[in-house]
Number of protein chains: 2
Amino acid sequence: MRIGELARRTGVSARSVRYYEEQGLLSADRSSGGQRQYTEYEVERVVFIQRMYAAGLSSRTIAQVMPCVESPGVENSDAALATLREERDKLDVHIGELLRTRDALDRLIEISEGYREQLVTGVPYDEAG
Amino acid sequence: MRIGELARRTGVSARSVRYYEEQGLLSADRSSGGQRQYTEYEVERVVFIQRMYAAGLSSRTIAQVMPCVESPGVENSDAALATLREERDKLDVHIGELLRTRDALDRLIEISEGYREQLVTGVPYDEAG
DNA sequence: CTTGACCTTGACGTCAATGTCAGGTTCTAG
DNA sequence: CTAGAACCTGACATTGACGTCAAGGTCAAG
């Protein structure tokens, strides 16, 4: 498939796909005319890249862990595996923070709803919540 | 306290504190000489702002939910509460994605470690994992 | 009343991922 | 063989949350 279809199927722009290539995250065969040719494999790969971006990794960092993704279960550089572990740990910490933030937002919402409840029932919301 | 102390205590730069003010997220009394004066309340507030940024909210969005934070349990605009709920829901979705991403990273790590295990034991890692 | 740390505003710089545009080439349907 | 959609490279633009610097004003200690 060509870049347009890859873009449509992954939900990213063609510009982004080219950028990923520029960053060494993706490679592409070329047609005789010079146009990029992709396979199903690249669809998965672009999706993976997007997941990494969403998890807060930079292009550089994604590139560093790519060996572990390209050939899982094969010997890759210690550096790749080390970076992978680091990023997993960072992500773990980040998730923990987000969970606490979500709880904080929940409490704020409850309090605001509590006030509205009070409007209806004439009774203050339960402060022991 | 002045801006330097607030910055130190919250771990952000003075530049950022001024930026928050510029974005309408924070206000400050001024000394007779025009320097910003803060209280303990602003320490909490800056920490809250940082949590929101870490959760992916923009300055504009944080500003929109601020009424619910400034006076919790008091009637705030429906818009503020609605935005707050939206952001909580987005965060929920995001956390879900991050959890799946973490699992994916865990699997990648396991596979790489499995290979090393195999190096030591001479037996392939458990493919049923 | 001076010194040095701290503060002020204003402005320009940065970085990363991506948008956008121009001018030209390739592909595919008819 | 041609039209038009899709693609190419290259380059400049954008956005948001800051960093950083300049030129000056404020504050607390001695």
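Any value given below was found using the heavy atoms of this structure, including those in side chains, with hydrogens, waters and symmetry copies removed. Naming: A, B, ... by sequence-line order, numbering from 1 per chain. Computed from a predicted structure; not experimentally measured.
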Taking only N and O in the side chain of B:Tyr19, is any of them less than 4.0 Å away from OP1 or OP2 of D:dC18? no
Can a donor-acceptor pair be found, under 3.5 Å and without considering hydrogens, that links the side chain of A:Glu5 to the backbone of A:Arg2? no
Of all the nucleotides listed (D:dA6, D:dA17, D:dG19), which has the minimum atom distance to the side chain of A:Arg2? D:dA6
Find the distance B:Leu25:CG to D:dC18:P and express it as a whole number of Å. 10 Å
Between atom CD in B:Glu5 and atom C1' in D:dC27, what is the gap in whole Å? 14 Å
When you measure from the side-chain N and O atoms of A:Gln50 to the phosphate of C:dT18, is any distance below 4.0 Å, counting only OP1 and OP2? yes
In terms of side-chain heavy atoms of A:Arg30, which of C:dC27, D:dC18, D:dC8 is nearest? D:dC8
Any donor-acceptor pair under 3.5 Å linking the side-chain atoms of A:Glu86 with those of A:Thr83? no
Is there a side-chain polar atom (N or O) of B:Ser31 under 4.0 Å from OP1 or OP2 of D:dC27? yes
Which one, D:dC18, D:dG19, C:dT9, comes nearest to the side chain of B:Arg36? C:dT9
Co-membership, hydrophobic cluster, residues B:Leu99 and A:Tyr53, 4.5 Å side-chain: yes
What is the distance, rounded to the nearest whole Å, between atom CZ of A:Arg8 and atom C1' of D:dA5? 11 Å
Rounded to whole Å, please give me the gap between CE in A:Met1 and C1' in C:dC27. 17 Å
Check ion pair A:Arg9-A:Glu42 (N to O, under 4.0 angstrom): no
Nearest-nucleotide pick for B:Ser58, side chain only, options being C:dC7, D:dA17, C:dT18: D:dA17
Return the value, rounded to whole Å, for the distance between atom CD of B:Glu21 and atom P of D:dC18. 15 Å
Just to confirm, is there a sub-4.0 Å distance from OP1 or OP2 of C:dA17 to any side-chain nitrogen or oxygen of A:Ser59? yes
Nucleotide of D:dC7, C:dT8, D:dG19 approaching B:Arg15 most closely (side-chain heavy atoms): D:dG19
Whole angstrom is fine here: how far is it from CZ in A:Arg60 over to P in C:dC15? 12 Å
Which listed nucleotide (C:dC7, C:dC27, D:dC18) is nearest to the side chain of A:Ser32? C:dC27
One pair to check against salt bridge (charged side-chain N to carboxylate O under 4.0 Å, His left out): B:Arg85 and B:Asp89. What are the steps and the verdict? CA-CA 6 Å; B:Arg85 285 209 191 91; B:Asp89 290 349; over 6 Å; no
Counting only side-chain nitrogens and oxygens, does A:Tyr20 get under 4.0 Å of the OP1 or OP2 atom of C:dT18? yes
B:Asp29 atom CG is separated from C:dC7 atom P, nearest whole Å, by 16 Å
Given that A:Gln35 and B:Ala14 both sit by DNA chain C, which one's nearest nucleotide is further toward the 5' end? B:Ala14
Just by distance, with hydrogens left out, do B:Tyr41 and B:Glu70 show a side-chain donor and acceptor under 3.5 Å apart? no
Side chain of A:Arg18: nearest nucleotide among C:dA17, C:dC27, D:dT9? D:dT9
May I have the distance from B:Ile3 (atom CD1) to D:dC18 (atom C1'), rounded to whole angstrom? 13 Å
